Every structure is written in structure tokens, then in C-alpha cells.
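For reference, the structure is listed below as C-alpha cells.
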Amino acid sequence: MTPPMGWNSWNTFAVHINEKLVMDMADVMVSSGMKDAGYIYLVLDDAWMAMERDPQGNLVADPEKFPHGIKVVSDYVHSKGLKFGLYNCAGTKTCAGYPGTRGYEYQDARNYAAWEVDYLKFDWCNTDGINAKEAYTTMSMALRKAGRPIIFSLCEWGNNKPWLWAAPVGELWRTTGDITGIYDGIKSYGNWHANGVMTIVDLQNGLQKYAGPGHWNDPDMLEVGNGMTPAEDRTHFSMWCMLAAPLISGNDLRKMSPQTTSILTDKELIAIDQDPMGAEGIKYSDKDSLETWARPLQGGDWAVCFLNRSLNAKKLSFDWAKESIMDSVANMTLDTHSAVYGLYDMWQKKTVGKTSAPFSATLPSHDVIVLRLKKAIAK
Ligand code: GLA
């Protein structure tokens, strides 16, 4: 019911995946503390399969990359207490040109169930002329018929507004084209482009009302540890938590720095992401590149995130008495008039004040301050 958490091969390894890599990654998901922090799904993205189906039409693993087949890999992942995911595509071929599922939905679903797959990411390349809602509904029905609970992750890039129809179809749906590890803007790759973190954040506007327990907007996998600055990584991670986004790490976990590990495994931030009420955060204000985001949490706490998008440090002063934060989707108001909240700085790990006085701070460029407002005392 909460946003799925895990690791996916694509952002770092693209088509260069194999059995040893998966096993190493499963090991390090456990030894690094990622599993304990909640990252449970290990998902193999595109290019795990052979270029052709077998004569019976079954998908088979690439014999060089996965010489012992997929079930062995799945068993290894499960032996570590993790869950196992695979990728395919609604079209005739995947985005990287491997066999797609179009016309083989029930057969592929039966194989996934037999391999004890727990998560399927389903892409949208080579789908000319087919109807997205119908194609994804067919695969969803095939998974259900296969009889194994499998998280269904729609990767349709938001082209056909899946937020309007996908809640009964799957657990999460991509809202945008692909992410890339830059803070803002668009990176061109010739015939396609990928989006920076802030570009994706901007595209979430208006989608809050479609997300909730068991059905999530997916602003794409994490690029934490993939080349941005520590402040930018903190911002990326904080915003994904504010947005109740699935947290699917996409870095090489074998080589992550202590700083990357501490960002990805921050239990207090993750608790915001995984809040059981499942209200996606809203943008409260936006002025001179300084944004304020808010998210109501179960039990009456709130998360408030100040975000500095400019290239310069910014002074911020936020007078709770003069502001009125309301989440019209969750229909909740932050009431700092009849109650006082303690301000807990989630990255600094300390209490920094109370809502009875204005909150002032200097926010470095491309950094965030995330406060958890803890209801302390009724006035
Ligand atoms: C698309 C998806 C990516 C990744 C690749 C694989 O671009 O959006 O997340 O799965 O395909 O080819």
C-alpha cells in the first residue's frame, strides 16, 4: 500500500546486466543497509532476455548474461530476503529492441509467476496504434490470472494520462519521460531526451489528487549517487519523499559513498515517503526560485520542505502565524493558531524551533531544508 522501494539496473547499467551483477547487487542491498531501510525489490530492467523467443513462444533469458536462467537468479534474490522484479514492454519490442510482450501477455505472465517474479515494469516502446489503457489492462489481467501477487509498474511516460485510468490497473505509473542525473533542464540524446530532477518535479503539478495508498504517481527512478552534488542529491531524495514517490535506487550500490548511503537510507525521510496516509505533497509557494512544499502526515504531523532552485544562497524567513498551509486534496489545514508544533530539521537531525516564532535560515544553492512539524502542545 505504500510506495514500492527497491533497486533497478537501468540508470547505471542499461543493457549491461548479468547473473553475477544481480547476485552482487542482492548481496550489497543487504550489507549496505538498503534492505533494512526498506529497499526490497531488486528489478532487472531491459535486456535480460534473448533476442528471440523459444519455438513455443516463451521468453528466455539471454544465455550469455544469464547462463543458468532467470529462476536461479530469482531464487538467489529471494534467499536474501528480497523480492525480484523484471521488465518488459507492451509493444512488439522493448525500447532496447528485445522481444516485447504484445500478443504474449498471458504466456509471459505465466512464466513470470513460475519464476516467482514479484514486480513487473512494463514499458511503452513500439506500441504504434494500440490503446494504452487496454494494453495495460490486458497485462494486468494476465498477471492476476497467473495467480501470483505481482506489483505492476506502468512505464507509459504519462503520454496517455495514466493517472486518469491506471489506479485499478497497477500500483504505480510513470508520469514523465526518463530521468537523468542532472539538477534541472533537459538532456538531448538525439531522437529522445531525458529530464533533470527539477523538470520532473514541475511536471508533477496537478497530479497529487490521483495518488494514494496502492496507486502512486511515479516520477521515475532515483539518480542519487549518480553524479549530482550532495545538496542536489538531498534535494532529489527529499522531493521524492515529499511526492510519495516510489523509491527505486538506480546507482551502483557496490561503489556508493558513505554520503550516498546516508541519503538513501535515511529512515526519517523514508518515513515521510512511506507515510501510511499516502497524501502526496503540494507546492505551497514559489517565489524568486525559493519553493515551499508541504505534506500532511498520519497522526497530525506535517512535512515542510524549503527548496532553493537558484544558483545563490537564499535567506528564508517563514512566519507560521502569517501563513496558512492547506492541502485541498487531503482537505487538511496546518493549524498553527490553536496548536504549537516543534520544528525538527530532518537532515540536521535536530529541533530548530517552534511554530510560535518565525523560522529563519540561509539555504544554500540547490539545497533543501526539510522540517517535520511535530504537534507538541495545544495552546
Ligand atoms: C524506457 C524506460 C526506461 C528504461 C528503458 C529501457 O526508456 O522509460 O526507464 O526502462 O526504456 O530500454
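Computed from a prediction, not measured in an experiment: that's the story for all the values here. All ligand and atom numbering here is 1-based and tracks the order in the structure.
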Next item on the list: For ligand 1, note which part of C155 has a heavy atom under 4.0 Å away: side chain, backbone, both or neither.
Entry: side chain
Check: Quick one: do R102 and D128 make a salt bridge, cutoff under 4.0 Å?
Finding: no
Checklist line | Residue, atom name and distance, where the atom is the protein heavy atom closest to atom 3 (C) of ligand 1 | finding: D178 OD2, 3.4 Å
Check: Side chains of Y87 and D45: is there a donor and an acceptor less than 3.5 Å apart?
Finding: no
Check: Can you find an N or O of D220 that's nearer than 3.5 Å to an N or O of ligand 1?
Finding: no
Check: When you measure from the centre of the six-membered ring of Y104, is the NZ or CZ of R53 under 6.0 Å away and within 45° of the axis?
Finding: yes
Check: Rounded to the nearest 0.5 Å, how far apart are CG of N251 and CZ of R254?
Finding: 11.0 Å
Notebook entry, point to check: Can you tell me if D252 and T12 form a side-chain donor-acceptor pair at under 3.5 Å?
Noted result: no
Next item on the list: Would you mind running through ligand 1 and noting each atom that sits below 4.0 Å from a heavy atom of K121?
Entry: 3 (C), 4 (C), 9 (O), 10 (O)
Check: Taking the minimum heavy-atom distance to atom 4 (C) of ligand 1, which of V15, I248, D45, D46 ranks first?
Finding: D45
Note to self: Within ligand 1, which atoms have a heavy atom of R174 less than 4.0 Å away?
What the structure shows: 8 (O), 9 (O)
Next item on the list: Mind checking whether D123 contacts ligand 1 via backbone (N, CA, C, O), side chain (CB onward), both or neither, at a 4.0 Å heavy-atom cut-off?
Entry: side chain
Next item on the list: Determine whether the side chains of N160 and E156 contain a donor N or O and an acceptor N or O closer than 3.5 Å.
Entry: yes
Check: Which atoms of ligand 1 are found less than 4.0 Å from any heavy atom of C95?
Finding: 1 (C), 11 (O), 12 (O)
Checklist line | Evaluation steps, side-chain hydrogen bond (donor to acceptor under 3.5 Å, both in side chains), between Y76 and D27 | finding: CA-CA 9 Å; Y76 187 84; D27 292 347; 2.5 Å; yes
Note to self: Suppose I only count heavy atoms of W157 and a 4.0 Å limit; which atoms of ligand 1 are within that range?
What the structure shows: 2 (C), 8 (O)
Next item on the list: For atom 5 (C) of ligand 1, find the nearest protein heavy atom and state the residue, atom name and distance (0.1 Å precision).
Entry: W10 CE2, 3.6 Å
